[in-house]
Amino acid sequence: MQNKLPLPIGASDYKKVSQDYYYVDKTLLIKDILDEQAKVTLFTRPRRFGKTLNMDMLRTFFEKSKDDTSKYFINKNIWQTGEKYTQHQGQYPVIFLSFKDANKNNWSDLYARLKETIKDEFMRHSELKYSKNLSNPDFYEKITSGLGTETDYATSLLRLSQMLHEHYGKAPIIIIDEYDTPIQAGYIHGFYDATIQFTRDLLSSVLKDNQHISFGFLTGILRVAKESIFSGLNNVNVNSLLDKRYSDFFGFTDAEVNTMAAYYQATDKLPEIKEWYDGYRFGNTEIYNPWSVLKYFNNYCEAEPYWVQTSENSTIREIISGLDNSTCENLRALLNGSAVESIVDTNIIYPKLKEQQTNIFGFLLMTGYLKSIKTTRANGICLCELSIPNKEIKSVYSQEIVALLADKIDSTAINLLQQYLITKNGPALQNVLKKFLLETVSYYDTLKENYYQGLLLGMTGLFTNTYYISSNRESGEGRYDIQLLPKNIDMPGIIIEIKATADSSDAGLKKLAAKALAQIEDKKYDAELRKQNIKTIYKYGIAFSGKKVEIITN
């Protein structure tokens, strides 16, 4: 890429990106916003899909400034649309806040971070300090000195919008980037109610029935349900990744990636880029993951799972920990390349994420771990046909989704588990599981059979390169616990039946493991494998009691 513009990896300053880097022009977002004239707009997209850069673009376009900021747009698409749109350039005061760093692990620290963010935005408008037009000039000093009460900070954006309106004679535009980061932090770390209360007061006061704003824009990953945060705020125009409007402004389109590949002389890499980073569908638009595409070109066209390295997944870990068997089975079907149908609820209430599959798959869709192949809407309900978007997501799905079913999994244990399963080395397999239980299980005699089944499903779920994994399906005269169907018929098929007991004696465990193996034989659980012409079938009866395990094979 010698003598080529650098790629804006992690850059979100529109002025710098549009002048000094390779910039994918998204300025027609401004035209569509002005055409729609929605008072308050919320854009929800997965992380690293260009939300912050787009919001900084809006700030740069609309904000009054001592400098002539039109220079950042005269060679962009928006400038070709005519005076109807360009007349808005540089005409509004703007309030801009980003909550991306508001991810502390307790309410005290999070509140301090939010106060600091609000204070910094007040100080950015230092022209208000000496303004003669303010009806309440003391409030500016109260916030910038850090002496305001929680009520003061909860209404601070409303007050700031009023002050800017009074000073400039024009109502400001309000932009809040990553509004839901504090809410997610509150949910993960156990102070959700305090976070919701403050965020609700902050946003509702400034966005609902406020004569002192021209437009409001918010971005986030999730559309948090009205009853939890947007209560009474019925003027928010929500644009999720299921909606057609604005569908091509977040992420890269096929044409944009083709143009970029030609610029960096890598058109021969387009099939690989598509396989790894394409596959998202926003509205009716095919979308590539922009972060991963940029990293791919910047890393000399080496295909790796870049996007997943950008954030921890505490919320996913939290919701996956309580999945029922049906949802686990659908996750494994997705991993095996199948599509699944599910109602998707785009109105997320964090405490209810784990209550039903509808919420879980809605969360995975909105956060970028799934795509909707087909969306059917009726009476406010979305029925989606879901699949994994691309090779990048599939390559990390087992690590970030399926692996979480087993709470925490050591890679060495996984490799040994697979080795001993496919060689039918029962004693060695027993030792691996025993060691794993000793290191990860914190209590002894209260674990139920479904816990151990989820544990083994999570561990064997990492074998998807060589096996199709399923559970609780009918075969023969009953339902097996776990089946591993090899993708190569020369590999062994595997049937696992699991039992759990409070009797931790060696004799009791051996008797129960033998009973599990006999059940495989008696119920002919191997019928499905035989139907698939699998020549070699290994059967495992496994009995658990707390941290103890006994395995008997055929």
Side-chain angles (χ1 to χ4, degrees), residues 1-12 14 16-32 43-57 75-78 80 219 239 241-310 365 367-373 387-396:
M1 294 189 293
Q2 193 173 9
N3 301 321
K4 299 291 185 182
L5 287 168
L7 291 151
I9 306 294
S12 57
Y14 172 78
K16 189 169 182 60
V17 171
S18 64
Q19 298 290 95
D20 300 336
Y21 292 88
Y22 185 99
Y23 174 64
V24 176
D25 193 334
K26 299 291 186 179
T27 58
L28 289 180
L29 172 63
I30 298 163
K31 175 184 181 298
D32 284 9
F43 302 101
T44 65
R45 294 295 188 275
R47 56 187 166 85
R48 297 289 192 182
F49 269 75
K51 299 187 297 294
T52 301
L53 180 57
N54 275 345
M55 292 304 102
D56 198 58
M57 175 191 70
N75 64 341
K76 302 295 185 290
N77 292 335
I78 186 62
Q80 314 309 313
T219 74
N239 288 275
L241 52 77
L242 293 177
D243 296 306
K244 296 176 184 177
R245 193 184 296 274
Y246 306 114
S247 61
D248 56 347
F249 292 119
F250 298 88
F252 295 157
T253 65
D254 198 52
E256 289 165 345
V257 171
N258 288 342
T259 301
M260 193 183 305
Y263 178 80
Y264 290 109
Q265 299 176 331
T267 54
D268 60 313
K269 299 294 185 179
L270 283 170
E272 183 173 63
I273 299 171
K274 179 177 284 288
E275 180 185 24
W276 272 81
Y277 310 119
D278 189 16
Y280 295 94
R281 192 172 184 84
F282 295 171
N284 287 333
T285 306
E286 179 183 349
I287 291 292
Y288 290 73
N289 184 316
W291 171 263
S292 298
V293 170
L294 293 176
K295 291 284 284 184
Y296 176 84
F297 284 122
N298 196 59
N299 199 33
Y300 305 103
C301 297
E302 290 289 333
E304 295 180 18
Y306 297 110
W307 179 73
V308 78
Q309 300 168 9
T310 63
L365 176 64
T367 52
Y369 285 89
L370 294 175
K371 71 171 179 180
S372 178
I373 303 170
S387 68
I388 294 176
N390 51 46
K391 193 170 182 177
E392 176 179 44
I393 297 301
K394 186 171 183 179
S395 72
V396 299

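- To the nearest 0.5 Å, atoms OG1 (Thr219) and CE (Met55) are separated by 6.0 Å.
- Leu7 CG to Asn298 CG: the interatomic distance, rounded to the nearest 0.5 Å, is 5.5 Å.
- Considering all non-hydrogen atoms of both residues, Gly251 and Ile287 come closest at CA-CG2, 3.9 Å.
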- With side chain to side chain contact (heavy atoms under 4.5 Å, CB included) as the test, would you mind laying out the steps for Tyr280 and Ile393 before giving the verdict? CA-CA 11 Å; Tyr280 295 94; Ile393 297 301; 3.4 Å; yes
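- With a 4.5 Å cut-off on side-chain heavy atoms, Phe297 and Ile273 count as touching.
- Two residues are said to be in side-chain contact when any heavy atoms from C-beta on lie closer than 4.5 Å; Leu365 and Leu242 meet this criterion.
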- Mind running side chain to side chain contact (heavy atoms under 4.5 Å, CB included) on Asp32 and Arg245 for me, showing each step along the way? CA-CA 9 Å; Asp32 284 9; Arg245 193 184 296 274; 5.7 Å; no
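- Side chain of Lys51 to main chain of Arg45: a donor-acceptor pair is present (N/O by atom type, distance under 3.5 Å, no hydrogens or angles).
- Remark: Arg47 is positioned above the aromatic ring of Trp307, its terminal NZ or CZ atom under 6.0 angstrom from the ring centre and at most 45 degrees off the axis.
- Among the candidates Tyr296, Tyr288, Phe49, Trp291, the single residue satisfying the ring pair (Phe, Tyr, Trp, His ring centres under 6.0 Å) test with Tyr277 is Tyr296.
- Checked against salt bridge (Lys or Arg N to Asp or Glu O under 4.0 Å), Asp20 has the following partners two or more places apart in sequence or in another chain: Lys16.
- Aromatic ring centres of Phe250 and Phe282 lie farther apart than the 6.0 Å criterion allows.
- Scanning all heavy atoms of the two residues, the minimum distance from Pro46 to Thr367 falls at CB-O, 3.6 Å.
- Evaluation of the ring-ring contact (aromatic ring centres under 6.0 Å, His included) rule for Tyr14 yields Tyr23, Phe73 as partners, not counting sequence neighbours.
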- Message: Run the side chain to side chain contact (heavy atoms under 4.5 Å, CB included) test on Val257 and Leu270 for me, step by step, so that the C-alpha distance in whole Å, both residues' side-chain angles and the decisive distance to 0.1 Å come before the verdict.
- Response: CA-CA 8 Å; Val257 171; Leu270 283 170; 4.0 Å; yes
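- Closest approach of Pro271 and Thr267 over heavy atoms only: CD-O, 4.3 Å.
- Remark: Phe252 pairs with no residue by the ring-ring contact (aromatic ring centres under 6.0 Å, His included) rule, at least two apart or across chains.
- For Asp248, the salt bridge (Lys or Arg N to Asp or Glu O under 4.0 Å) test picks out no residue, with sequence neighbours left out.
- Side-chain contact between Leu294 and Pro8 is present, with heavy atoms from C-beta onward closer than 4.5 Å.
- Closest heavy-atom contact between Gly10 and Arg48: CA-NH1, 4.1 Å.
- Taking the centre of each ring, Tyr264 and Tyr22 come in below the 6.0 Å mark.
- To the nearest 0.5 Å, atoms CE (Met57) and CG (Leu29) are separated by 4.5 Å.
- For the pair Leu5 and Tyr263, the tightest heavy-atom approach, listed with the atom from each and the gap, is N-OH, 2.9 Å.
- Across Phe249 and Asn54, no two heavy atoms sit closer than the pair O-ND2, 2.8 Å.
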- Item | CA sep, side-chain torsions, deciding dist, call: Thr52, Ser12, side chain to side chain donor-acceptor pair (under 3.5 Å) | CA-CA 6 Å; Thr52 301; Ser12 57; 5.6 Å; no
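- Residue pairs meeting the salt bridge (Lys or Arg N to Asp or Glu O under 4.0 Å) criterion with at least one member in residues 252-262, sequence neighbours excluded, are Lys26-Glu256, Asp254-Lys274.
- Evaluation of the salt bridge (Lys or Arg N to Asp or Glu O under 4.0 Å) rule for Lys76 yields no partner, not counting sequence neighbours.
- The OG atom of Ser292 lies 7.5 Å from the CG atom of Asn390; values are rounded to the nearest 0.5 Å.
- Of the possible donor and acceptor atoms, none in the side chain of Glu272 sits under 3.5 Å from a partner among the backbone N and O of Ala303.
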- Task: Given side chain to side chain contact (heavy atoms under 4.5 Å, CB included), test Glu304 with Asn299 step by step and report yes or no.
- Result: CA-CA 9 Å; Glu304 295 180 18; Asn299 199 33; 3.8 Å; yes
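- Here the side chains of Arg281 and Ile373 are not in contact, with every heavy-atom distance at 4.5 Å or above.
- Here the side chain of Lys371 pairs no donor or acceptor atom with the backbone of Ser387 at under 3.5 angstrom.
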